[in-house]
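Structure, as structure tokens:
Only a predicted model underlies this, so the values are computations on that prediction, with no experimental measurement involved. FYI, side chains are in, hydrogens and waters are out, and symmetry mates aren't considered; it's all heavy atoms of this structure. The first residue of the sequence shown is numbered 1, and numbering continues consecutively from there.
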Amino acid sequence: MTSSTSEPGAPASRQLLTRRNLLASTGLVAAAVSAAPLFGRDTAEAAVAPACPPGTTAPVPPPAKGPAIPKSGYLVEEIGDRVFWLTDGLYQMMFMTTAEGVVAVDAPPTIGHNILRAIATVTKSQVTHAIYSHHHADHTGAMILYQGARFYAQSEVAGLLRQTRDPNRPLPDVTFDDQLTVQAGEDRVELAYHGPNHSPGNIFTYLPAQRILMLVDVVFPGWVPFAYLAESQNIPGWLEAPAQALGYPFRTFIGGHLTRLGIRDDVVIQQEYVADLKAQAASAIDTFDVAAVYQTVDPTNPWAIFRGYLDGVAAQAANAVVPRWIDRLGGADVYTLANAYELVESLRIDYGHLGPFGIHP
């Protein structure tokens with residue numbers, strides 16, 4: 001994830017859309033934050049992403065709220081037979097105790113050494129099997145803590161880890177292309193790669209005996225997706241992944257982020273949100289008044305024209321969607337504009353829905 005609204009610990013790069021734009025375009029927050037016009041702003045001002053102090057965002061709706069995090073800084077709960085969910089309220093992982101040792105999936109650095117402390121509260125065994133959900137350091141940047149474990153990853157992840165050479169993310173001992181079953185005593189962990197989605201090598205981790213599915217950075221139970229559709233590298237694949245998840249007979253879902261566990265309905269609800277946003281993005285591409293852009297930017301500056309157009313189309317789509325979701329999903333007022341922008345770009349570039357920039361008559 002890389003943007004001006006970056007995931008914690010990730011570098012910032014994209015700055016086309018800011019919270020100031022969002023507050024101005026949605027009209028949902030009557031905050032004392034002065035918003036410049038959508039087009040023709042000073043470039044330096046446009047690059048500033050203001051903070052979100054209390055009172056400038058919509059109240060967090062009940063479906064987004066999860067259990068309180070203890071003073072220890074982490075919460076560990078048994079969610080299936082010998083399967084534990086571990087979270088700090090922002091990141092999530094899971095581990096399972098087996099006759100051969102502990103099987104751990106991911107190691108978010110924000111939880112860090114609390115991972116080992118949490119495991120020690122339920123077993124004296126060490127981590128013997130360590131699974132990468134994908135290569136991103138914000139979820140796996142503490143894998144080095146699993147000293148002596150056998151590491152598993154999809155083949156694409158192995159290549160990316162070799163490229164980045166992060167000492168905190170050891171190279172895998174075992175790799176696979178499509179499917180792998182990790183056997184630990186009598187326990188089975190089914191790993192599957194259904195193609196690129198959030199990132200190359202991002203896998204589905206399924207515990208069939210407990211009916212628990214872990215899929216990271218695709219579904220955010222109770223919340224809208226993180227900015228720019230979770231900064232995903234393959235938007236068509238990311239859009240298809242929830243349906244692939246529903247192909248598993250899971251009861252409990254771990255998405256890797258935020259405040260609570262998920263269930264099947266959370267996957268369906270995110271599909272509804274994204275479908276709504278996609279439909280509005282397509283409509284905005286077809287109906288946005290391009291002439292308004294030429295009246296507010298330097299007509300000799302193509303980048304200014306494109307920026308005005310894309311920002312405007314995204315804002316039109318977000319403005320239609322946010323009111324319907326503000327009470328259903330957390331952060332609808334915070335990240336819908338950025339998500340609309342990403343869908344607009346994917347519709348244009350991936351799906352060929354080019355609007356006024358299609359084949360010239």
Side-chain angles (χ1 to χ4, degrees), residues 1 3-10 17-33 35 49-77 79 85-93 108 110-111 138-139 216-231 242 252-277 317-342:
M1 298 180 174
S3 78
S4 60
T5 46
S6 295
E7 188 174 47
L17 299 174
T18 69
R19 172 146 179 79
R20 183 172 302 177
N21 279 343
L22 180 59
L23 292 171
S25 64
T26 62
L28 292 173
V29 182
V33 179
C52 298
T56 64
T57 55
V60 174
K65 295 179 179 179
I69 304 300
K71 291 182 179 179
S72 61
Y74 67 89
L75 174 69
V76 58
E77 291 184 336
I79 59 174
W85 175 60
L86 177 59
T87 180
D88 59 0
L90 184 60
Y91 283 86
Q92 307 171 357
M93 58 166 288
T110 62
I111 306 177
D138 62 313
H139 290 275
V216 175
D217 284 336
V218 172
V219 175
F220 299 75
W223 296 81
V224 301
F226 182 76
Y228 303 100
L229 301 182
E231 296 288 355
T252 304
F253 181 86
I254 300 175
H257 273 293
L258 298 179
T259 49
R260 65 172 177 82
L261 289 166
I263 58 176
R264 297 186 71 84
D265 279 352
D266 289 307
V267 180
V268 173
I269 288 168
Q270 180 164 304
Q271 286 181 309
E272 293 173 0
Y273 166 82
V274 173
D276 188 8
L277 193 59
N319 198 43
V321 169
V322 171
R324 292 195 285 270
W325 291 92
I326 198 73
D327 296 323
R328 294 188 65 190
L329 292 177
D333 59 326
V334 178
Y335 278 146
T336 294
L337 182 56
N339 289 330
Y341 179 93
E342 193 69 19

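Put simply, NE2 on His139 and CD on Gln92 are 9.0 Å apart, with the number rounded to the nearest 0.5 Å. Taken to the nearest 0.5 Å, the CG atom of Leu90 stands 9.0 Å off from the CD1 atom of Ile111. To the nearest 0.5 Å, the span separating CG on Asn319 from OG1 on Thr336 amounts to 11.0 Å.
Pro67 places a side-chain heavy atom less than 4.5 Å from the side chain of Leu75. Within the 4.5 Å cutoff, the side chain of Phe253 has no heavy atoms near those of the Asp266 side chain. Between Ile254 and Ile79, some side-chain heavy-atom pair lies under the 4.5 Å cut-off. Counting heavy atoms from C-beta on, the side chains of Tyr273 and Val224 come closer than 4.5 Å.
Shown here for Asn339 and Ala227, the closest heavy-atom pair between the two residues is OD1-C, 3.6 Å. Taking every heavy atom of both residues into account, Pro242 and Gln271 meet most closely at CB-CG, 3.7 Å. Closest approach of Leu277 to Ala340, counting heavy atoms only: CD2-N, 3.7 Å. Across all non-hydrogen atoms, the minimal contact from Trp325 to Ala332 is O-CB, 3.7 Å. Between Tyr228 and Ala338, the closest heavy-atom pair is CD2-O, 3.4 Å. Nearest heavy-atom pair across Trp223 and Thr259 is NE1-OG1, 2.9 Å.
Between the side chains of Trp85 and Thr252, no donor-acceptor pair of N or O atoms lies under 3.5 Å. Side-chain contact check for Asp138 and Tyr91: at least one donor-acceptor pair (N or O, by modelled atom type) lies under 3.5 Å.
Between the side chain of Asp333 and the main chain of Ala58, a donor-acceptor pair closer than 3.5 Å is present. Using a distance-only test at 3.5 Å, with no hydrogens or angles considered, no donor-acceptor pair links the side chain of His257 to the main chain of Asp217. In this structure, Asp276 contributes its side chain and Glu272 its backbone to no donor-acceptor pair below 3.5 Å. A donor-acceptor pair is defined here as one N or O able to donate and one able to accept, closer than 3.5 Å; such a pair exists between the side chain of Arg324 and the backbone of Ala320. With hydrogens and angles ignored, the 3.5 Å screen pairs no side-chain donor or acceptor of Asp88 with any backbone N or O of Gly73. In terms of modelled atom types and a separation under 3.5 Å, the side chain of Gln270 and the main chain of Phe220 share a donor-acceptor contact.
Residues meeting the salt bridge (Lys or Arg N to Asp or Glu O under 4.0 Å) test with Asp265, sequence neighbours left out: none.
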